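Only a predicted model underlies this, so the values are computations on that prediction, with no experimental measurement involved.
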Amino acid sequence: MIADATTIDRGAFEQSFDVCVIGAGPAGITLARTLAAAGARVALMEAGGLEITEESQDVYRGGANLGIEYFDLDICRLRYFGGTSNHWGGWTRALDPIDFAPKPYVPLSGWPLPQIALDAYRAEADSILDVPSATEAPDLPVRQTGYDFRRFQFRFSPPTRFAEKYLAEIEASQAITLVLNANLVDLRLDDSLGTITGAVFKSYDPADPGFTVKARYFALCAGGIENARLLLNFTSQVPEGIGNRGGWVGRCFTDHPHFLVAECVLRVLVREREFYSPTEFFMQDHSCLNFGLRLEPRWIWPKDLPTIGFEDTPPETFNIQLERLVRDPFVDRALTDRLILPQPTGQTGVIRVAQEAAPNPDSRVMLSEERDAFGLRRVALDWRLAEIDVETMRIAVTTFGKHMADQNIGRLRIADWLLADPPRFPGVADDEVGGKHHIGATRMAAEARSGVVDADCRVHETTNLYLGGSSVFPTTGHCNPTYTITQLALRLGDHLAARLRG
């Protein structure tokens with residue numbers, strides 16, 4: 001059934017639910033559906049309505065941006081039913097096996113659960129996201145001298161809009177009570193401060209005194225930034241915020257850095273975007289992170305060939321200009337000199353990187369002094385990239401440049417900003433900057449001394465509070481997070497269903 005916090009009879013919440021799921025995005029909807037299928041009574045609480053509103057989006061406004069230039073937080077997040085699936089591009093891919101393993105040169109890396117723990121949910125995640133089987137998107141062969149790169153493929157969802165796909169099912173459900181315009185303003189703890197006894201919600205009516213939802217278990221699935229913001233705000237019983245005794249809530253926030261790192265001219269015809277990632281041997285040999293390189297072809301008219309983005313040049317000096325384009329300090333001169341320069345094919349391109357970022361405790365979701373309509377402090381975001389993040393970009397593009405030259409595919413020129421020391425990161429007006437993937441701010445760890453939740457997504461300091469979404473990822477890999485978010489939500493649903501049966 002569907003109700004609205006503004007008009008619902010508050011007496012409906014006098015009885016306890018099995019699970020209170022907070023947030024109706026991909027994680028929350030998947031979790032609620034999984035629990036309902038197992039026979040649980042679920043309160044699915046959504047802060048927005050069925051459509052986007054300024055009133056709801058205003059809560060997502062950030063109070064400050066202290067780090068790398070980033071998007072306005074009310075633009076890159078959507079606060080209504082379906083969450084950010086409402087503007088999702090549909091890119092999906094499972095994490096690589098190496099993403100779950102600790103890297104000895106990356107502190108805090110590795111997951112406290114193996115990839116196989118999520119593999120069991122691939123078929124169901126495929127169905128939920130309407131993506132083709134992984135067998136339809138295998139790695140493609142790469143002609144190369146060594147064993148440096150894999151050419152991988154993404155699988156694309158239509159994309160699935162969770163609001164459109166699942167609204168009717170939830171409305172007809174006898175097990176799920178969806179409450180719209182229900183804004184979480186506090187979580188209440190018992191006297192031991194270890195068990196959540198109720199979640200307090202308010203509608204947008206300024207005079208609303210609020211109401212409490214009781215449940216055996218609570219799952220906060222409010223988003224990669226909002227999960228941390230809410231926990232840090234809930235200081236009525238614990239001054240540091242719920243789950244933050246070890247100081248980890250908000251730390252290790254990251255996005256996937258997305259930057260244009262090189263321009264290129266191509267000798268061979270590239271018909272569509274190609275994706276390359278490093279082999280495990282490459283990462284180990286270079287002590288770098290996982291990354292995805294995107295070779296994106298561009299078409300230019302023959303009359304424009306002489307310029308390729310530079311000053312006008314007569315056609316007879318095209319090869320001279322081409323020579324200027326392809327020389328860069330990272331490509332071995334002896335290797336380049338003995339290769340035939342590409343002939344004009346009518347095609348240029350760019351190389352973009354979308355990569356893993358190392359866990360960085362200094363990269364944080366914090367609270368500003370500015371408050372939203374409910375009196376909760378807004379986000380102060382301090383996204384930082386570490387030295388290994390930058391070195392990974394440089395290693396990736398340098399080695400790929402050598403690969404292109406060695407195979408006579410083309411030549412590239414590394415972007416000036418990446419050659420600078422320190423690098424001068426482009427801003428959001430000039431580049432992608434990030435994937436709008438908010439990851440790591442309530443990270444998973446085997447022990448409370450290095451994270452917020454355990455391998456089952458339970459907040460270490462509590463008996464019955466769980467978190468859903470990409471905020472729990474301890475490391476990011478280089479791929480878009482929606483697929484892994486869905487797998488984790490399915491796994492959490494099975495875990496809570498088992499707890500309820502027990």
| task | Please identify each residue that fulfils side-chain contact (heavy atoms from CB on, under 4.5 Å) with V428, with sequence neighbours left out. | result | E69, F71, V433
| said: Using the side-chain contact (heavy atoms from CB on, under 4.5 Å) criterion, which residues pair with A445? Sequence neighbours excluded. | reply: R443, S450
| query | Is the side chain of D389 donor-acceptor paired with the backbone N or O of A358 at a distance under 3.5 Å, no angle test? | reply | yes
| said: Would you say the ring centers of W417 and F259 fall short of 6.0 Å from each other? | reply: yes
| Taking only residues two or more places apart in sequence or in another chain, which ones pass salt bridge (Lys or Arg N to Asp or Glu O under 4.0 Å) with R458? | D454
| request: Could you pull out all residues at least two apart from W111 that satisfy ring pair (Phe, Tyr, Trp, His ring centres under 6.0 Å)? | output: F100, F473
| Yes or no on side chain to side chain contact (heavy atoms under 4.5 Å, CB included) for R122 and S133, after CA distance, side-chain angles and deciding distance? | CA-CA 9 Å; R122 287 198 177 204; S133 166; over 6 Å; no
| remark: Per salt bridge (charged side-chain N to carboxylate O under 4.0 Å, His left out), R352 is matched among E296, E274, E263 by E296
| task | Measure from the ring center of F152 to the ring center of Y276 and say whether it is less than 6.0 Å. | result | no
| Ring centre gap for Y147 and F149 strictly below 6.0 Å | no
| query | Checking side chain to side chain contact (heavy atoms under 4.5 Å, CB included) against Y70, which of L66, I68, L73 comes through? | reply | L73
| Do the non-hydrogen side-chain atoms of E226 and S471 ever get within less than 4.5 Å of each other? | no
| message | I want to know whether Y466 and F218 have ring centres closer than 6.0 Å. | response | no
Side-chain donor-acceptor pairs under 3.5 Å in residues 283-294, sequence neighbours left out?
residue, atom, partner, partner atom, Å
N290, ND2, D96, OD2, 3.0
N290, ND2, D99, OD1, 3.0

| field | L78 and H87, any side-chain heavy atoms less than 4.5 Å apart | value | yes
| message | Among T254, N65, D255, exactly one meets side-chain hydrogen bond (donor to acceptor under 3.5 Å, both in side chains) together with W383. Which residue is that? | response | T254
| note | Sorted by chain and residue number, the side-chain contact (heavy atoms from CB on, under 4.5 Å) partners of P158 (sequence neighbours excluded) come out as D130, T160
